[in-house]
Amino acid sequence: MSMSRRAIIDKAKSIGIRQGDLLVVALLLVLSLVMLGLTLCGGQQGRWVRVCVNGEETAVLYLDRDTLYEVPGGMGNVVEISGGRVRMLTAHCPDGSCVGQGYISRAGECVVCLPARVTVTVTAEDGSEELDAVAF
């Protein structure tokens with residue numbers, strides 16, 4: 001069943017959709033696809049993982065060496081590096097959101113466990129981190 005262009009426009013008008021509304025939806029769809037592409041393709045691949053507790057660095061690990069690292073501090077946090085990616089494997093904090101963040105691998109990305117005051121940050125090959133944004 002094929003509807004003519006006129007029938008589609010009449011149907012859209014009957015439910016309160018105008019041509020401008022369709023234009024806005026199309027532009028938002030295109031913009032979201034561009035942003036998704038930039039997110040998936042952008043960013044510099046990291047080389048090291050810095051683990052900090054209470055703001056003090058406790059370990060610097062290579063991102064290309066698969067390993068498990070038990071974070072000191074008694075909260076049971078374990079960092080897993082696997083396949084060039086890193087994640088918080090286990091944590092005994094109340095909400096477990098740090099475990100839910102999943103894997104990260106790009107420079108500047110980090111996983112944070114607030115109750116344990118642990119941060120896991122991926123850094124670039126030259127030691128600099130890519131900026132997410134700049135505020136003035």
Side-chain angles (χ1 to χ4, degrees):
M1 286 183 76
S2 167
M3 294 180 72
S4 70
R5 183 174 187 264
R6 185 74 193 148
I8 293 171
I9 291 172
D10 289 339
K11 180 69 175 173
K13 284 182 180 178
S14 71
I15 58 174
I17 298 176
R18 295 175 281 171
Q19 283 183 337
D21 296 336
L22 295 175
L23 180 63
V24 168
V25 169
L27 288 174
L28 288 174
L29 180 62
V30 168
L31 181 63
S32 65
L33 290 174
V34 168
M35 294 300 291
L36 178 64
L38 290 174
T39 301
L40 295 177
C41 297
Q44 181 180 5
Q45 181 66 25
R47 171 127 188 221
W48 292 290
V49 176
R50 283 189 355 215
V51 181
C52 298
V53 179
N54 289 326
E56 294 188 27
E57 195 172 271
T58 61
V60 177
L61 308 166
Y62 285 106
L63 195 56
D64 60 354
R65 293 186 187 157
D66 294 354
T67 188
L68 293 176
Y69 173 73
E70 188 169 340
V71 180
M75 287 290 286
N77 293 54
V78 176
V79 174
E80 176 191 29
I81 299 174
S82 175
R85 308 176 304 168
V86 63
R87 70 175 174 159
M88 189 77 69
L89 180 63
T90 60
H92 299 292
C93 51
D95 61 359
S97 63
C98 55
V99 175
Q101 283 182 304
Y103 284 103
I104 59 173
S105 62
R106 301 196 191 286
E109 292 182 319
C110 72
V111 175
V112 178
C113 181
L114 289 177
R117 297 182 178 190
V118 174
T119 59
V120 178
T121 307
V122 177
T123 58
E125 188 166 350
D126 62 359
S128 66
E129 296 175 8
E130 187 173 294
L131 296 177
D132 288 342
V134 177
F136 293 99

| task | State, to 0.1 Å, how close Pro72 and Val53 come at their nearest heavy-atom pair, and which atoms those are. | result |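 The pair with the smallest heavy-atom distance is O-CG2, 3.8 Å.
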
| said: According to salt bridge (charged side-chain N to carboxylate O under 4.0 Å, His left out), does anything in residues 53-72 pair up with another residue at least two apart or in another chain? List the pairs. | reply: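 Qualifying pairs: Arg50-Glu57.
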
Separation between [atom1] of [X] and [atom2] of [Y], rounded to the nearest 0.5 Å:
X: Thr121; Y: Ile104; atom1: OG1; atom2: CD1; result: 7.0 Å
X: Cys110; Y: Gln101; atom1: SG; atom2: CD; result: 7.0 Å
X: Met75; Y: Cys98; atom1: CE; atom2: SG; result: 8.5 Å

| Is Leu63 reachable from Leu61 through a run of hydrophobic residues whose side-chain heavy atoms are each under 4.5 Å from the next? |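 Leu61 and Leu63: one cluster.
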
| Out of curiosity, does Val112 fall in the hydrophobic cluster containing Val86 (side-chain heavy atoms, cut-off under 4.5 Å, transitive links)? |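 No; Val112 is not reachable from Val86 via cluster members.
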
With a 3.5 Å cut-off and sequence neighbours excluded, list the donor-acceptor pairs that the side chains of residues 113-120 form with protein atoms.
none

| field | Residues in side-chain contact (heavy atoms from CB on, under 4.5 Å) contact with Ala26, at least two apart in sequence or another chain | value |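 If we apply the side-chain contact (heavy atoms from CB on, under 4.5 Å) test to Ala26, skipping adjacent residues, there are no hits.
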
| task | Scan residues 74-94 for pairs that pass side-chain hydrogen bond (donor to acceptor under 3.5 Å, both in side chains), counting only residues two or more places apart or in two chains. | result |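 Sorted result for residues 74-94: Glu80-Arg87, Glu80-Tyr103, Arg87-Tyr103.
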
| request: Share the residues that join Leu68 in a hydrophobic cluster, the rule being Ile, Leu, Val, Met, Phe, Trp or Tyr side chains under 4.5 Å apart at the heavy-atom level. | output: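 Same cluster as Leu68: Val78, Leu89.
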
| Which ILVMFWY residues can you reach from Val25 by hopping between side chains whose heavy atoms are under 4.5 Å apart? |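 For Val25, no cluster forms, as it stays isolated from other hydrophobic side chains.
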
| message | So, applying side-chain contact (heavy atoms from CB on, under 4.5 Å) with Thr67, which one of Val79, Ile81, Val49 is it? | response |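 Only one of Val79, Ile81, Val49 forms a side-chain contact (heavy atoms from CB on, under 4.5 Å) with Thr67, namely Ile81.
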
